[in-house]
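Below is one structure, written out as structure tokens; comments come after it.
First the proteins, then the strands, lettered A, B, ... as listed; each starts at 1.
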Amino acid sequence: MNPPCLPLRACLLAAAVAAVAACGPEQAQHTPTPEVAAGDAAFAETLRTKLIDAKPGDVIEVPPGRYSFDRSLTLRVDGVTLRGAGPDKSVLSFKGQKAGAEGLLVNASNFLIENIAIEDSKGDGLKVNEGEHITIRNVRVEWTGGPSTKNGGYGLYPVKTRNVLIENSVAIGASDAGIYVGQSRDVIVRNSRAEFNVAGIEIENTVNADVYDNTATNNTGGILVFNMPALSQQGGAIRVYKNKVFKNNTANFGAKGTPVASVPAGSGVVVNSNDDVEIFDNDISDNATTNIIVSSVYSTGYKDDKASSEFDPYPERINIYGNRLKGGGDSPDGFDLKALKTALFGLSGHLPDVLWDGYANTQRKEGPQICIRDVSGVVNADGPGGYKNPSQDTKPYACELPKLPAIDLKRG
Amino acid sequence: MRCVVAVLLSLLVAGCSKPQEPAPAAQGAVPAAPAALAADAPWAPVRFFADGQPENLADWNLLRVAGGRLQLNREVLPYDLNTALFSDYAHKLRTVWMPKGQAANYAADEEFDFPVGTVFSKTFYYPRGEGEAVLRSYDEGPDLRGGGLEMSKVRLIETRLLLRRQDGWVALPYVWNREQTGAKLMRGGELVSLELVAADGGRESADYAVPDQNQCAGCHGTDMKSKALHPIGPKARHLNRDFAYPDDGLQNQIARWTRAGYLQGAPAPQQAPRDANWRDPAAPLDARARAYLDINCGHCHSPKGPGNTSGLWLNAATQEPLRLGRCKLPIAAGHGTGDHRYGVVPGKPDESILVYRMRSDDPSVMMPELGRSVVHEEGVQLIRDWIAAQQGQCG
């Protein structure tokens with residue numbers, strides 16, 4: 001999997017090879033959220049001061065209205081609640097932001113944000129950097145102009161956090177990941193929606209996460225479970241279940257060089273260099289490259305493995321079963337994948353439900369333990385062999401793995 | 001009756017004015033005015049507020065505008081750094097003050113252990129150009145000859161205080177008024193529109209951002225876990241240089257701080273670490289670049305700083321090439337990658353994310369995230385040269 005070319009180019013190429021009528025699903029149209037009337041202009045500064053002066057236990061209320069900020073907001077006090085009147089009623093707008101790299105930057109524990117929206121921040125929407133017991137509930141982060149490389153990177157972005165609950169939230173238009181939890185531990189993301197982001201929901205270098213009852217659609221990739229080298233911890237023990245992951249076919253608008261820029265448009269669930277991942281009971285459909293991808297960091301452009309000896313680049317103990325899979329694989333993104341599909345299944349065929357890049361630690365006695373059931377098929381793309389000898393043999397995946405325990409945030 | 005009211009009022013006022021009480025260390029006889037100030041009114045000693053947030057910079061008695069100059073109080077010692085943080089080409093007047101009898105304990109690599117009562121000030125100013133414009137020029141260090149900065153030649157923007165209280169360091173941003181007669185506490189920060197005029201006449205506008213009080217931690221919160229603020233500049237390697245003291249001539253700062261009673265346990269300057277001056281053509285390129293990266297980036301990009309999420313560490317202590325960005329994939333850079341794959345591509349500055357982010361003035365792309373709105377062209381050139389000189393290749 002080299003970085004994908006644009007689907008348009010892929011389509012043209014395919015059309016040149018043979019007159020294929022249907023060259024991939026149509027791009028869905030992004031619909032901006034309704035307008036919210038401007039709130040009291042003076043409240044913007046009041047809110048800034050309240051965040052500076054906050055004391056543990058404070059509840060900071062944001063009344064209905066749209067409040068404009070030309071600089072980032074910051075909170076550094078533990079135990080604060082920031083509460084709006086609803087994600088379509090109380091809006092913090094950063095359109096025209098001149099300074100600061102986030103909308104709201106939080107460095108605090110026991111932080112609760114709910115019923116509010118953050119729009120059009122220059123960089124990340126809500127970043128929570130280092131903290132425990134973080135709750136993000138009924139929050140919308142959105143870039144209102146639809147998908148664009150110029151949009152900020154992450155929508156909801158807890159990083160280096162512990163005990164994190166994201167629920168009933170929405171992320172739209174992030175040029176990297178809509179809901180992104182990085183380098184964290186003990187995480188639940190549920191009942192949320194990610195749409196028109198490059199990555200819908202991404203769990204990266206995070207240990208112990210449950211991702212369930214979410215909807216990821218119209219992203220480039222729906223739900224990503226990633227590990228990247230040279231970070232503070234390697235992630236693992238992630239369960240992805242009961243999600244709806246469909247039609248994630250939006251052209252990749254991530255900036256080149258970001259790991260997600262290598263995600264082919266039309267990816268449903270992607271597991272990259274993680275160990276102990278369980279994917280079950282999801283509805284995954286109509287993702288044009290393929291519904292599930294298992295890959296190593298080698299497929300995201302990282303080659304210099306000598307420089308990071310402590311990093312395990314190979315996905316191991318991946319348990320995929322009991323999902324309802326449908327459609328997809330009919331228009332893979334990028335020349336290599338398109339060629340792979342055509343070579344194996346012909347011009348009108350489609351890739352099966354699961355694609356594995358084939359990178360595995362040859363020193364590992366028990367093999368990669370990628371266990372896959374209830375799918376239409378698996379392609380091992382033979383990444384290590386230069387994609388020359390892809391295989392459809394499903395025997396290597398007939399294995400059993402113990403189920404992972406549920407995440408208990410111990411919140412009563 | 002009137003008397004009773006007056007007493008009540010004064011009691012009320014006293015009740016509210018706890019922050020106004022000077023700490024014991026600041027009490028005592030008013031020192032004789034130094035010669036440079038002789039023509040001006042006598043000046044009360046520096047007041048350290050152990051609590052509270054005085055509204056006016058003048059309340060501290062650190063600096064004052066008098067006789068057409070921004071003057072420093074008698075015990076207030078100006079200092080400079082070998083290589084300083086870039087802030088939209090602002091010049092900076094840095095000062096330190098400690099209560100009588102108190103001194104910082106020297107440390108070779110860490111920050112000094114400063115006593116409760118220490119007050120640092122940093123005044124950001126520009127040389128004046130024509131009309132409202134200010135000059136985009138190198139900061140050669142404050143010209144304090146004649147007893148302070150000459151007000152007709154400078155435009156003062158803000159003075160930030162960093163003070164060591166019982167519970168830790170506190171940052172207070174004061175913004176100067178248009179008349180340049182005083183500075184008021186602006187805890188919410190501010191954007192100041194400036195027009196910078198370069199020596200060649202080129203003009204550039206800047207939305208100079210005074211950070212809000214929380215944003216001070218964006219740089220000074222060098223340990224994300226403890227969340228405590230720390231001074232960044234006053235470390236041995238940054239301070240170990242000469243300064244042109246108006247009353248004392250050219251002196252090594254570490255020696256001068258020791259003599260002033262502000263520092264104890266320091267070795268002779270030759271034995272102390274010393275960062276390169278990034279502009280010193282005689283210094284090795286690597287030392288200049290690392291000094292520049294250390295002061296501009298290393299307070300965030302360190303194992304404990306807010307930038308540690310990226311895995312890119314640019315502080316002075318880091319030696320591992322991957323950590324310094326060499327062939328390192330970005331993590332959360334978003335479109336800050338500029339479509340480039342690695343932080344530093346040896347020999348190829350134009351393919352390096354580090355240079356791309358330094359060259360940008362887009363808040364979502366640029367690094368550092370705070371503290372500048374224009375590009376530091378000369379700093380970019382230095383890092384370009386540093387990367388161009390590196391051998392090898394990625395992948």
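- A:Asp186 and A:Arg162 are joined by a salt bridge, as a carboxylate oxygen and a charged side-chain nitrogen come within less than 4.0 angstrom of each other.
- Side-chain atoms of B:Asn296 come within 3.5 Å of backbone N or O of B:Phe86 as a donor-acceptor pair.
- Both the backbone and the side chain of A:Ser72 come within less than 4.5 Å of a heavy atom of chain B.
- Taking chain A as the reference chain and counting heavy-atom pairs below 4.5 Å, the highest number among B:Thr309, B:Asp207, B:Ile353 is found for B:Thr309.
- Heavy atoms closer than 4.5 Å to chain B are found in both the backbone and the side chain of A:Lys98.
- Neither the backbone nor the side chain of A:Ala177 comes within contact range of chain B; no heavy atom of the residue lies under 4.5 Å from a heavy atom of that chain.
- Interface remark: A:Ser175 contributes side-chain atoms only to the contact with chain B (heavy atom separation under 4.5 Å).
- Chosen from B:Gly188, B:Gly218, B:Pro303, the residue pairing most often with chain A at heavy-atom distances under 4.5 Å is B:Gly188.
- Listed by chain and number, the residues in a side-chain hydrogen bond (donor to acceptor under 3.5 Å, both in side chains) with B:Tyr174 are B:Trp60 (sequence neighbours excluded).
- Of the atoms belonging to A:Tyr180, it is side-chain heavy atoms, and not backbone ones, that fall under 4.5 Å from chain B.
- Between A:Thr46 and A:Thr49 there is no side-chain heavy-atom pair separated by less than 4.5 Å.
- At a 4.5 Å heavy-atom cutoff, the contact between A:Arg76 and chain B is made by backbone and side-chain atoms alike.
- Heavy-atom pairs under 4.5 Å with chain B were tallied for A:Lys122, A:Gln183, A:Glu204; the largest tally goes to A:Lys122.
- Contact count against chain B (heavy-atom pairs under 4.5 Å) is highest for A:Asn151 among A:Asn151, A:Leu73, A:Val198, A:Asp124.
- Taking the ring centre of B:Tyr89 as origin, the terminal cationic atom of B:Arg136 falls inside the region bounded by 6.0 Å and 45° from the ring axis.
- Remark: B:Arg372 does not engage B:Asp361 in a salt bridge, criterion side-chain N to carboxylate O under 4.0 Å.
- Using a distance-only test at 3.5 Å, with no hydrogens or angles considered, no donor-acceptor pair links the side chain of A:Asp58 to the main chain of A:Ile60.
- Only the backbone of B:Glu190 comes within contact range of chain A, judged by heavy atoms closer than 4.5 Å.
- Options A:Asp176, A:Leu75, A:Thr149 differ in how many heavy-atom pairs under 4.5 Å they form with chain B, and the most are formed by A:Thr149.
- For the options B:Ser373, B:Pro368, B:Gly311, B:Pro363, heavy-atom pairs under 4.5 Å to chain A are most numerous at B:Pro363.
- In the model, B:His335 has a side-chain atom that pairs as donor or acceptor with a side-chain atom of B:Ser364 under 3.5 Å.
- Using a 4.0 Å cut-off between a side-chain N of Lys or Arg and a carboxylate O of Asp or Glu, A:Lys150 and B:Asp362 do not qualify as a salt bridge.
- For chain A, the nearby part of B:Leu370 is the side chain; its heavy atoms alone come within less than 4.5 Å.
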